[in-house]
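Numbers here simply count residues along the sequence, with the first being 1. Note that this is a predicted model, so its numbers are computed, not measured. Remember, it's 1-based here, ligands and their atoms both numbered in the order they're listed. The figures here come from the full heavy-atom set of this structure, side chains too, leaving out hydrogens, waters and symmetry mates.
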Amino acid sequence: MTAAATPQSQSRISARVAAISESVTLAVDAQAKALRAAGRPVIVFGAGEPDFPTPDYIVEAAVTACRDTANHRYTPSAGLPGLREAIAAKTLRDSGYEVAPSQVLVTNGGKQAIYNAFAAILDPGDEVIVPAPYWTTYPESVRLAGGVPVDVVADEGADYKVTVEQLEAARTEKTKALLFVSPSNPTGAVYSAAEVEAIGRWAVEHDLWVLTDEIYEHLVYGDAEFHSLPVLVPELRDKCIVVNGLAKTYAMTGWRVGWIIAPQDVVKAATNHQSHATSNVNNVAQAAAITALSGDLSAVATMREAFDRRRNLIVPMLNEIDGVVCPMPEGAFYAYPSVKGVLGKEIRGKRPRSSVELAALILEEAEVAVVPGEAFGTPGYLRLSYALGDTDLTEGLTRLQKLLAEAGA
Ligand code: PMP
């Protein structure tokens, strides 16, 4: 019997934690790695991380920091003062948002930033509007903090961008906050300045909080531009929490440094919470973060060029497949094709009826790992990360094309 199926009185796992689902993205990754370990040549489009190493000068800063005994000790829970200053300076440089270092809380990655932010503002039953397709962690961190996620779906026909009308239709007396992310994981959608502003004004009008995730700010392509919500809508600043981190910009996913920028009372409350949960973020990683943020943006410029080339490689290949529709992503490093036109058709003796079943078939038959849309609140889609080398990308897409070309009636 599973923990979830055990009657409440005998349950060993709390209802709050038992309700959390496994991260499908990590599960796909684990399954693909297991197949690889067994000698199968699996190409993995699953990972949400750049395939570049952390730049050397940042690694060197960490090596030096290891030798400094001050870093062997506890430091302030909110973050090293030098890092909070560097984050405030970087925020002004990159998005034009002027904040004080005291408005910054350094966290163990963007994930903890999101969880801490929701924990600081949500009471039980508070609703948070989460545009879907959503990054799989958002609804879970809302729930963990006692809130109720409310999906608003935008499909490929809308380039995966929700409108103010849709948000307004989802708003109730209990709506406390909106989750906003642009560029988006899993779709790569980037909202225009006018769209960002309209959404910000709607939030101000209804006195809502907005948690805005800016982690992909430097990964935008073509004519698309990143715009920071509290910069375009300054009236929102008192109820705006910006989430950001080093993971995607400096290829530092494993270092675990992120942050929130929020009004003082939220930072104070979230710091108190963090002081009991995890205390300070690893000092060595924080020292490396100071060096990263104080340096230039040439490393991310190189990655951006590579990702731009790769999206232009894989998206046309996806659209060549019958039954597959994929808008061109304008940011991040994910493509999010609809595969609704393939579902229900016979492929190698099987008839996948959901994107979970299709992803399983693709892994088994084409040895290509992709993440099914169920992980992002929208069945009928697949997410492909294009943070992998050009040869693997072409080979993976060719295998996918061959397999799906077999789809019968
Ligand atoms: N926000 C988004 C939209 C993401 O895709 C990710 C990473 N997948 C994060 C936040 C968190 O990144 P990290 O915890 O590694 O800093």
Side-chain angles (χ1 to χ4, degrees), residues 23-29 44-52 54 58 79 83 87 90 104-119 128 130-142 144 149 160-162 178-191 210-220 226 228-229 241-261 274 277-278 281-282 285-286 288-289 292-293 300 303 307 329-336 371 373 375-378 383-388:
S23 162
V24 180
T25 46
L26 295 183
V28 166
D29 204 50
V44 185
F45 288 84
E49 55 187 351
D51 57 320
F52 293 84
T54 303
I58 299 174
L83 179 54
I87 290 168
K90 164 256 172 285
V104 178
L105 166 63
V106 181
T107 59
N108 287 288
K111 265 188 190 169
Q112 197 192 15
I114 293 160
Y115 172 66
N116 281 356
F118 283 134
V128 179
V130 182
Y134 49 66
W135 178 43
T136 190
T137 288
Y138 295 140
E140 298 296 2
S141 41
V142 169
L144 267 178
Y160 303 117
K161 293 193 277 192
V162 294
L178 166 72
L179 184 291
F180 184 74
V181 56
S182 171
S184 149
N185 174 6
T187 65
V190 179
Y191 286 75
V210 179
L211 190 153
T212 177
D213 185 340
E214 301 190 344
I215 205 150
Y216 293 103
E217 64 182 327
H218 293 294
L219 295 174
V220 289
F226 163 76
S228 179
L229 237 178
I241 304 177
V242 176
V243 168
N244 208 331
L246 295 173
K248 319 289 174 172
T249 303
Y250 301 95
M252 290 178 73
T253 46
W255 296 73
R256 312 308 304 137
V257 182
W259 58 85
I260 61 171
I261 293 171
Q274 180 163 300
T278 54
V281 170
N282 177 325
Q286 289 198 69
L293 295 176
V300 69
M303 290 197 286
F307 292 145
E330 297 194 300
F333 40 70
Y334 309 99
Y336 200 68
V371 187
F376 312 105
T378 52
R383 188 191 76 175
L384 286 80
S385 159
Y386 47 88
L388 60 166

Starting from [atom], find the nearest protein heavy-atom neighbour and note its residue, name and distance.
atom	result
atom 12 (O) of ligand 1	Ile215 CD1, 3.7 Å
atom 4 (C) of ligand 1	Tyr216 OH, 3.7 Å
atom 8 (N) of ligand 1	Lys248 NZ, 2.9 Å
atom 2 (C) of ligand 1	Asp213 OD2, 3.4 Å

With the threshold set at under 4.0 angstrom, would you say [X] reaches ligand 1 through any of its heavy atoms?
X	answer
Gln112	no
Gly109	yes
Tyr115	no

Notebook entry, point to check: For ligand 1, is there an N or O atom under 3.5 Å from any N or O atom of Asn108?
Noted result: no

Please list, in number order, the atoms of ligand 1 under 4.0 Å from a heavy atom of [X].
X	value
Ala247	15 (O), 16 (O)
Tyr138	3 (C)
Asn185	3 (C), 4 (C), 5 (O), 8 (N)
Gly110	11 (C), 13 (P), 14 (O), 16 (O)

Next item on the list: Specify side chain, backbone, both or neither for Glu49, according to which of its non-hydrogen atoms lie closer than 4.0 Å to ligand 1.
Entry: neither

Margin query: Applying a heavy-atom cut-off of 4.0 Å, say which part of Tyr134 lies close to ligand 1: side chain, backbone, both or neither.
Written below: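 The answer is neither.
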
Next item on the list: Kindly say whether Ser184 contributes a backbone atom to a donor-acceptor pair with the side chain of Ser182 at under 3.5 angstrom?
Entry: no

Check: Parallel, tilted or perpendicular for Phe307 and Phe333, by the 30°/60° rule?
Finding: tilted

